[in-house]
Trainee: 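Can you keep this structure in mind? I'll have questions shortly.
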Protein chains: 2
Amino acid sequence: MKKTKKKIFHDFVTRKGLKSTRQRDVILDVFLSSERHMSIEELYLKLRAKHPNIGYATVYRTLKLFAESGIAREIQFGDGQTRYEHVAEGEHHDHLVCTRCGAIEEFENETIEKLQDEVAASHGFIIETHKLELYGQCAKCRKQ
Amino acid sequence: MKKTKKKIFHDFVTRKGLKSTRQRDVILDVFLSSERHMSIEELYLKLRAKHPNIGYATVYRTLKLFAESGIAREIQFGDGQTRYEHVAEGEHHDHLVCTRCGAIEEFENETIEKLQDEVAASHGFIIETHKLELYGQCAKCRKQ
DNA sequence: GCCATGTTTGAAAGTGATATTCATTAACAT
DNA sequence: ATGTTAATGAATATCACTTTCAAACATGGC
């Protein structure tokens, strides 16, 4: 059994000399029990149902911390909302985004990654990160 | 010789029942004579040098029109600025973005595009557009 | 446990980029 | 030249964060 995300985040908080608070615990629980790609707004609303006294700013700051600790990653799909996705250790994936219903699917493709490195090399670049998103209609929406 | 972008935009304006104005002409000239990836802000500043009385809102609205007419395309590189790039007919390319100096290079790769279609198909998606950006250090910055 | 210290929190205000409003001005058809 | 409709520019609004600040907490030392 690998280190759980709760443990990873807790260690991060300790190592940084930060404090473990009720709010952070609650936000982490909600984040971990949610779908993989959530905007701050979505998480905030979900949270409010049970914890109406937690502020937006706290959610915002805590998600940033999740990203910093390595258990989450910020993503932008160009709709003006920052989303946070769960990060599985050592794993990388890209996204398929449905332009109709907004559904997000993930995929991995070794060959594409390799080609990206080649392209970068031929331009003298060293890649640090990349972003690959395919936008279109998902199977469900196409049937309608 | 293909239809020029001026002609394409003018036809678009006519077809839509819009009007041809001095401002739109000027903004189009500045856009066409500029580097491929310009933010609204950059174009506005460049414009102000010779045409200090053209408003920001007009630039903003006109660039949207360029995109709608097909001669320009909106792109987001995650720095919070929308950029507009020139669109060459039938051509598609992706970007290499230097995380140090902000330089933007373009590339095309047939094989990657093909693989994208395969990935999409295996998920039941039909791709409409895609976005592939490689972020890293460009050759120049690496040497420093 | 109780304190001292530094961190967090939540409400409110601030930011920066984009988007809209509205009175005025300018294009185009007649 | 005139009427109609679209475009413009200044100002304002919006949106999604982001920061500020006083009050509330968490944690280590006594």
Trainee: Which ones in residues 64-75 of chain A lie close to DNA chain D, meaning a heavy atom under 4.0 Å from one of its atoms?
Mentor: A:Lys64

Trainee: Take atom NE2 of B:His123 as the centre, draw a 6.0 Å sphere, and report whether it contains more than 12 heavy atoms from other residues, nucleotides or ligands.
Mentor: yes

Trainee: Between C:dA17 atom C1' and B:Arg83 atom CZ, what is the distance in whole Å?
Mentor: 13 Å

Trainee: Taking all non-hydrogen atoms of both residues into account, name the closest pair between B:Gly55 and B:Tyr44 and its distance.
Mentor: C-CE1, 3.8 Å

Trainee: Just how far, in rounded Å, is P of D:dT8 from NE2 of B:His51?
Mentor: 14 Å

Trainee: Out of B:Glu41, B:Lys64, B:Glu74, B:Gln76, which one pairs with B:Thr82 under the side chain to side chain donor-acceptor pair (under 3.5 Å) rule?
Mentor: B:Gln76

Trainee: Report, as yes or no, whether the 6.0 Å neighbourhood of atom CD on A:Glu35 holds more than 12 heavy atoms from other residues, nucleotides or ligands.
Mentor: yes

Trainee: With the threshold set at under 4.0 Å for non-hydrogen atoms, list the residues of residues 11-29 of chain B touching DNA chain C in residue-number order.
Mentor: B:Lys19, B:Ser20

Trainee: What is the distance, to the nearest angstrom, from the CG atom on B:Leu43 to the P atom on C:dT18?
Mentor: 13 Å

Trainee: Given atom CG of B:Asn53 and atom P of C:dA26, what is their separation to the nearest angstrom?
Mentor: 11 Å

Trainee: If the helix axis at each end comes from five base pairs, how far does the helix from C:dG1-D:dC30 to C:dT30-D:dA1 deviate from straight, to 10°?
Mentor: 30°

Trainee: Without decimals, in angstroms, what is the distance between B:Tyr60 OH and D:dC15 C1'?
Mentor: 12 Å

Trainee: Just checking A:Phe66 against A:Tyr84, ring centres under 6.0 Å apart?
Mentor: no

Trainee: At under 4.0 Å between heavy atoms, what does A:Glu41 touch on the DNA or RNA strands: base, sugar-phosphate, or nothing?
Mentor: nothing

Trainee: Test A:Lys114 against A:Asp117 for side-chain contact (heavy atoms from CB on, under 4.5 Å), laying out the working first.
Mentor: CA-CA 5 Å; A:Lys114 222 168 267 165; A:Asp117 284 338; 5.5 Å; no

Trainee: Can you pull out every side-chain hydrogen bond (donor to acceptor under 3.5 Å, both in side chains) where at least one residue sits in residues 135-144 of chain A? Sequence neighbours excluded, please.
Mentor: A:Arg100-A:Gln137, A:Glu133-A:Tyr135, A:Gln137-B:Glu128

Trainee: Taking side chain to side chain donor-acceptor pair (under 3.5 Å) as the criterion, tell me which of A:Glu85, A:Glu106, A:Glu105, A:His86 meets it with A:Arg36.
Mentor: A:Glu106

Trainee: Answer yes if A:Ile75 and A:Leu63 sit in the same cluster of Ile, Leu, Val, Met, Phe, Trp and Tyr residues linked by side chain heavy atoms under 4.5 Å apart, and no otherwise.
Mentor: no

Trainee: Take the protein atom CE of A:Met38 and the nucleotide atom C1' of D:dC17, then report the distance between them rounded to whole Å.
Mentor: 18 Å

Trainee: How close or far is atom P of C:dG10 from atom CD1 of A:Ile54, stated in whole angstroms?
Mentor: 6 Å

Trainee: What is the distance from OH of A:Tyr44 to P of C:dT9, rounded to the nearest Å?
Mentor: 14 Å

Trainee: Kindly give the atom pairs (protein nitrogen or oxygen, nucleotide nitrogen or oxygen) under 3.5 Å for nucleotides 21-23 of chain C.
Mentor:
residue: C:dT21; atom: O4; partner: B:Arg61; partner atom: NH1; Å: 3.2

Trainee: Please write out which residues are connected to A:Ile112 in a hydrophobic cluster, directly or through intermediates, given that two of Ile, Leu, Val, Met, Phe, Trp, Tyr count as joined at side-chain heavy-atom separations below 4.5 angstrom.
Mentor: A:Leu96, A:Phe107, A:Leu115, A:Val119, A:Phe125, A:Ile127, A:Leu132, A:Leu134, B:Leu96, B:Phe107, B:Ile112, B:Leu115, B:Val119, B:Phe125, B:Ile127, B:Leu132, B:Leu134

Trainee: Is B:Lys6 salt-bridged to B:Asp29, cutoff N-O under 4.0 Å?
Mentor: yes

Trainee: With a 4.0 Å cutoff (strictly under), does any side-chain N or O of B:Thr82 reach OP1 or OP2 of C:dT18?
Mentor: yes

Trainee: Are A:Phe9 and A:Val87 co-members of a hydrophobic cluster defined by side-chain heavy atoms under 4.5 Å apart?
Mentor: no

Trainee: Is the backbone N or O of B:Gly136 less than 3.5 Å from a side-chain atom of B:Thr99, with the two atoms forming a donor-acceptor pair by type?
Mentor: yes

Trainee: Check for me, please, whether A:Ile27 and A:Leu65 land in the same ILVMFWY cluster - side-chain distances under 4.5 Å, paths through other members count.
Mentor: yes

